[in-house]
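Keep in mind that what you see is a predicted model, and the values were worked out from it rather than measured.
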2 protein chains.
Amino acid sequence: MQIVTIQAEVIFQALADETRLRIIRLMKVTDEESCLCELVDSLLEPPYKLSRHLKILRQAGLLLSQKEGRWVYHRLVTEPAYLEPLYATVQALPDTNEIYNNDLKRFRQRLCLREGGRCRIGIQSEMFKTEAG
Amino acid sequence: MQIVTIQAEVIFQALADETRLRIIRLMKVTDEESCLCELVDSLLEPPYKLSRHLKILRQAGLLLSQKEGRWVYHRLVTEPAYLEPLYATVQALPDTNEIYNNDLKRFRQRLCLREGGRCRIGIQSEMFKTEAG
DNA sequence: TGCATACTTGCACTATAATACAATTATTTA
DNA sequence: TAAATAATTGTATTATAGTGCAAGTATGCA
């Protein structure tokens, strides 16, 4: 086990971006883990963009990423304990334009395409764009 | 009364800086308000630098600034409610290098120089630099 | 009314950050 | 072993952010 002390500024910086807040909120609300292509289909953002944002969250100590074959699953890190009120804050943020809610709807749909609880397909964005705003 | 919706990214961005975290933590821990020169003496940073950081915090909706003669007093904003866990997080951050603690010691000393609960003097940094690390 | 002073800001400079495209890596499968 | 594919990254570009100096504003006081 490796404990790295992460500067508070780095954590707040990691949360100071709309795309990254969308990722954190989705992971927090669903208590799920997700691979890149599922996030692409949920947030409707290009893979290279999300991949870079995921890296920033990982480096800030907020996400843990594990490779499984061709897929990489990302999930929230819950330690140290002071991360919890931060996630709670993100989860409590107003969602005036329903951005978070639409991400969530698409993500839930996308989860239905898993087989045996794992993603077996790639990006399906075209399909998801036409549905659920 | 004017309610302005502030983007979450702006709030997290405002917290993504060491100097600003020092200001927030000091205001939160002491539950005090402070003018610029008191902060200069507490954080030992130049006035123009702190003035700019205070502006950023104000624009993010975290500080309220009120002018009183030549002095401007700054204090934490507590609304909306989701700011509270953020401040709590800042207050709970580890203080490995005692930076926050040293700020606090100097601030408490500086408060002793108030007359009638108000600051009546300007920057005294030279005096504060020589004491309490 | 002129000076001291608490604070702010214009400007220049440097560093960091977000994005898009294209290329690359790593893994699976035919 | 070659093609397909999930994911990452090099590079260029543009925008934003932090800092320091010097100048400016606004208030109080002699």
Nucleic acid contacts of residues 16-39 of chain B, taken as heavy-atom distances under 4.0 Å to DNA chain D:
B:Asp17, B:Arg20
Which residues pass the side chain to side chain donor-acceptor pair (under 3.5 Å) test with B:Asn101, sequence neighbours left out?
B:Glu98
First and last nt of DNA chain C near chain A, cut-off under 4.0 Å to heavy atoms, 5' to 3', are C:dA18 to C:dT28
Taking distance alone, no hydrogens or angles, what donor-acceptor pairs closer than 3.5 Å link side-chain atoms of residues 49-58 of chain B to residues at least two apart or in another chain?
| from | atom 1 | to | atom 2 | distance (Å) |
| --- | --- | --- | --- | --- |
| B:Lys49 | NZ | B:Glu45 | OE1 | 3.0 |
| B:His53 | ND1 | B:Arg20 | NH1 | 3.1 |
| B:Arg58 | NE | B:Ser65 | OG | 2.9 |

Enumerate the protein-to-nucleotides 24-27 of chain D contacts in which both atoms are nitrogen or oxygen and the separation is below 3.5 Å.
| from | atom 1 | to | atom 2 | distance (Å) |
| --- | --- | --- | --- | --- |
| D:dA26 | O3' | B:Lys67 | NZ | 3.3 |

Who are the salt bridge (Lys or Arg N to Asp or Glu O under 4.0 Å) partners of B:Asp103, not counting sequence neighbours?
B:Arg22, B:Arg106
Is there a residue in residues 54-64 of chain A whose heavy atoms reach under 4.0 Å of DNA chain D, and which residues are they?
A:Lys55, A:Arg58
For the helix from C:dT1-D:dA30 to C:dA30-D:dT1, what angle separates the axis at the start from the axis at the finish, each from five pairs, in steps of 10°?
10°
Those residues at least two apart in sequence (or on a different chain) that pass salt bridge (Lys or Arg N to Asp or Glu O under 4.0 Å) with A:Glu33 are A:Arg75, A:Arg118
Kindly write out the residues that satisfy salt bridge (Lys or Arg N to Asp or Glu O under 4.0 Å) with A:Arg114, not counting sequence neighbours, or none if the list is empty.
A:Glu32, A:Glu38
Enumerate the residue pairs fulfilling side-chain hydrogen bond (donor to acceptor under 3.5 Å, both in side chains) with a member in residues 79-92 of chain A, sequence neighbours excluded, ordered by first and then second residue.
A:Lys28-A:Glu84
Is A:Val72 isolated, or which residues cluster with it under the ILVMFWY side-chain rule of less than 4.5 Å, directly or via members?
none
